[in-house]
Protein chains: 2
Amino acid sequence: MELDERKLQILRAIIDEYILSANPVGSKAIRQSAELNWSPATIRNEMADLEALGYLAQPHTSAGRIPSDKAYRLYVDQMLQRAGLSEREQAILDGYYRSRIDGIESVLRSTAKALSEITHYTAVVMMPDMAVNRLRHLQLVPLSEGKALSVIVTDAGVARDAVIDIPRDMTAAELEDISRTITQRCYNCRMTTVAERLVHEIGAELQSRGDFLKTLLARVEENAQSGTNMVEFSGTRNMLRFPEYSDVEKATTFLATVEQRDAIYQMLRKASDMEFTITIGSENEQEGLQDCSVVTATYRVNDMPFGTFGVIGPTRMDYNRVISVLQGVQQNLTSILQSFLKED
Amino acid sequence: MELDERKLQILRAIIDEYILSANPVGSKAIRQSAELNWSPATIRNEMADLEALGYLAQPHTSAGRIPSDKAYRLYVDQMLQRAGLSEREQAILDGYYRSRIDGIESVLRSTAKALSEITHYTAVVMMPDMAVNRLRHLQLVPLSEGKALSVIVTDAGVARDAVIDIPRDMTAAELEDISRTITQRCYNCRMTTVAERLVHEIGAELQSRGDFLKTLLARVEENAQSGTNMVEFSGTRNMLRFPEYSDVEKATTFLATVEQRDAIYQMLRKASDMEFTITIGSENEQEGLQDCSVVTATYRVNDMPFGTFGVIGPTRMDYNRVISVLQGVQQNLTSILQSFLKED
DNA sequence: CTTTAGCACTCTTTTCGTTCGAGTGCTAAT
DNA sequence: ATTAGCACTCGAACGAAAAGAGTGCTAAAG
């Protein structure tokens with residue numbers, strides 16, 4: 001049995017309708033909503049076939065059909081219709097971008113908020129991954145005896161800080177000296193290579209402080225990739241509006257999954273090779289997202305993939321709109337970040 | 001009609017029971033659970049009195065009584081029994097504090113997580129308010145033509161950064177120069193006075209860049225108090241577990257209120273005068289928290305109030321435990337921060 | 001005068017059977 | 001190959017009845 005044109009049309013109509021209503025859709029409903037001119041009986045026959053092929057499922061004998069994950073997969077692979085941002089959507093986005101913007105992270109946070117407001121799903125953004133960026137400045141600021149704050153600034157305009165231990169006899173001047181030396185020597189090095197370079201080139205120069213430098217490097221590296229707080233959510237509560245989460249139990253597991261930021265971060269990292277990804281229901285490895293779909297987009301600066309953001313919603317999410325919105329936001333985001341960071 | 005000893009005992013028993021069960025409590029239930037030796041009839045009479053006095057309410061004629069906000073107020077004012085952290089609770093807290101700690105903000109985030117795990121309510125922490133802190137370092141790092149990143153470090157070990165516009169002809173050396181000058185001149189000034197001082201003392205020195213300095217100052221000031229992301233929540237989903245939020249509608253409004261971070265931030269700021277505050281139900285000004293109670297504690301470093309954290313839960317929260325936990329956490333937090341930042 | 005046993009009453013919650021309706025699969029006619 | 005017709009299935013909605021929890025009041029007991 002093959003998927004002929006009619007079966008596809010019917011399947012599509014069912015998916016469209018189900019996305020809209022969240023209710024199992026029957027043969028009559030389809031005919032009306034999609035203006036298909038076959039009789040309900042014919043449609044029923046086709047639906048039985050589609051079920052046998054695994055594209056549809058029936059919650060119980062006397063209910064309509066709901067699309068399976070396999071159906072959504074087909075839908076997004078073959079039936080997607082991309083559009084741009086609507087005027088209203090662009091306006092919302094602009095609104096967020098017009099407000100105080102004081103760095104990449106705040107742009108990204110605003111992006112998350114806009115995304116969740118526009119789509120009414122849960123939005124998630126990954127903060128830029130420092131590993132691919134280049135060092136612009138390292139500053140060690142003395143705090144108290146034995147403690148200092150290390151601040152790293154990258155070419156992407158991202159700063160990260162951490163309290164570190166320093167030898168008790170280290171002076172402010174010495175810290176300043178180390179800061180300057182490292183900054184000069186490693187200027188424009190990728191964060192991943194700062195450590196090597198330091199060991200090779202500076203070792204001799206600052207030899208007396210070898211031990212300290214080693215721990216410092218370890219901290220810098222750790223700091224650069226620190227996964228905590230590397231992912232920001234917005235609109236998690238939107239999920240509660242959907243009938244699939246009217247059961248508080250389900251809503252709670254969803255929120256628990258999301259509060260587990262690490263897992264989501266890993267997911268986005270994996271997605272960061274691809275310009276777009278769509279992961280449907282059971283395709284999600286992450287436990288607790290099996291009833292969700294995740295759509296991601298990766299933004300770039302100077303043609304380097306920079307970070308990933310996305311939308312999480314029920315499997316019956318409006319893929320057309322979500323993909324359109326993500327694409328639009330991706331463009332907006334790219335151009336804003338570009339204006340921050342144009343190569344000089 | 002007065003509140004004699006018996007009425008108080010009964011009221012207390014009702015509150016204790018209601019906190020535990022969330023169900024209206026009747027005259028029999030009380031007698032059993034609290035081992036009060038009056039007959040149900042007597043207790044009923046007293047309950048009628050307590051209702052007349054406004055301490056109890058009846059959802060409907062044939063139900064038990066539930067405590068009013070007024071009752072909780074009496075309860076927390078007169079009947080609170082503080083205890084320390086239990087061993088289990090201290091262990092949870094230690095667990096969070098043992099993990100990567102790379103600065104005040106991460107300590108605070110861990111605190112929020114621990115608090116929500118320990119209490120099973122929603123925890124909230126306010127990030128330290130820079131206004132009271134002193135400048136340790138200001139660094140301007142060039143990013144691209146016309147853009148730089150300004151980084152401020154305070155004596156509290158907190159760094160804030162913002163992308164700023166700079167004159168197109170400004171060189172890296174000049175930026176470095178300005179950074180050094182400001183750092184030297186304003187070292188250990190309160191953030192609130194940095195602006196003044198700059199205008200008075202440095203104006204002459206860096207006069208040619210007067211305009212730039214003015215905008216820079218404005219940005220610094222704005223940056224120091226920037227309210228965004230100044231408050232961190234943990235365990236908002238815990239609220240869904242409580243029967244008072246089994247209605248998805250209510251849960252949604254709660255989450256919406258919380259996602260409105262500004263309002264909560266203002267609330268915590270107001271609470272930051274007091275070592276502890278307890279705000280019960282309708283006492284909350286914030287719309288959407290009328291069915292919640294908020295308990296806050298303020299942590300100090302070097303005897304300066306530094307920031308505030310707290311717990312949000314249903315009005316029938318376990319005030320005894322929450323206050324005990326907050327007190328314990330406050331002590332732990334104070335000693336950790338002190339170790340970071342001891343005056344030198 | 002206070003306390004308590006007893007009881008009728010109220011109001012919600014639960015249960016259970018019935019009906020209703022949406023949708024199906026099959027059969028037979030077109 | 002398509003479609004009209006029809007019997008059948010099964011959840012959702014409804015409603016009456018029963019159960020249950022708790023009260024307020026009255027009158028008796030301490």
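All values reported here derive from a predicted model rather than from experimental measurement. All heavy atoms count here, side chains included; hydrogens, waters and symmetry mates do not. Chain identifiers are assigned alphabetically (A, B, ...) following the order of the sequence lines, protein sequences preceding nucleic acid strands; residue numbering begins at 1 within each chain.
The separation between B:L56 atom CG and D:dG22 atom P is 14 Å, rounded to whole Å. Atom CD in A:E46 sits about 8 Å away from atom P in D:dT2, given to the nearest Å.
For the pair B:W38 and B:H60, nearest-nucleotide mapping onto DNA chain C gives the more 5' position to B:W38.
Less than 4.0 Å separates DNA chain D from no heavy atom of any residue of residues 13-20 of chain B.
Under the salt bridge (Lys or Arg N to Asp or Glu O under 4.0 Å) test applied with A:E51, the options A:K7, A:R65, A:R44 reduce to a single match, A:R65.
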Can you name the atoms? Protein N/O to nucleotides 20-27 of chain C N/O, anything below 3.5 Å, with the distance.
from   : atom 1 : to    : atom 2 : distance (Å)
C:dG23 : O4'    : A:S62 : O      : 3.4
C:dT24 : OP2    : A:S27 : N      : 3.3
C:dT24 : OP2    : A:S27 : OG     : 2.8
C:dG25 : OP1    : A:R65 : NH2    : 2.9
C:dG25 : N7     : A:R44 : NE     : 3.1
C:dG25 : O6     : A:R44 : NH2    : 3.1

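Under the rule for a side chain to side chain donor-acceptor pair (under 3.5 Å), B:R31 has no partner lying at least two apart in sequence or in another chain. Under the side-chain contact (heavy atoms from CB on, under 4.5 Å) criterion, B:S116 pairs with B:A123, B:S234, B:N238, not counting sequence neighbours. Residues satisfying the side-chain contact (heavy atoms from CB on, under 4.5 Å) criterion with A:K270, sequence neighbours excluded, are A:E285.
For D:dT3, the OP1/OP2 oxygens have no side-chain nitrogen or oxygen of A:R31 closer than 4.0 Å.
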Would you give me the side-chain donor-acceptor pairs under 3.5 Å for residues 239-246 of chain B, sequence neighbours excluded?
from   : atom 1 : to     : atom 2 : distance (Å)
B:E244 : OE1    : B:R316 : NE     : 3.1
B:E244 : OE1    : B:R316 : NH2    : 3.1
B:E244 : OE2    : B:R316 : NE     : 2.7
B:S246 : OG     : B:P243 : O      : 3.0

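The two atoms that bring B:D318 and B:Y121 nearest to each other are N-OH, 3.0 Å, heavy atoms only. Across all non-hydrogen atoms, the minimal contact from A:T298 to A:Q330 is O-NE2, 2.8 Å. Annotation for B:A114 and B:L93: closest pair CB-CD1, 3.5 Å, computed over non-hydrogen atoms.
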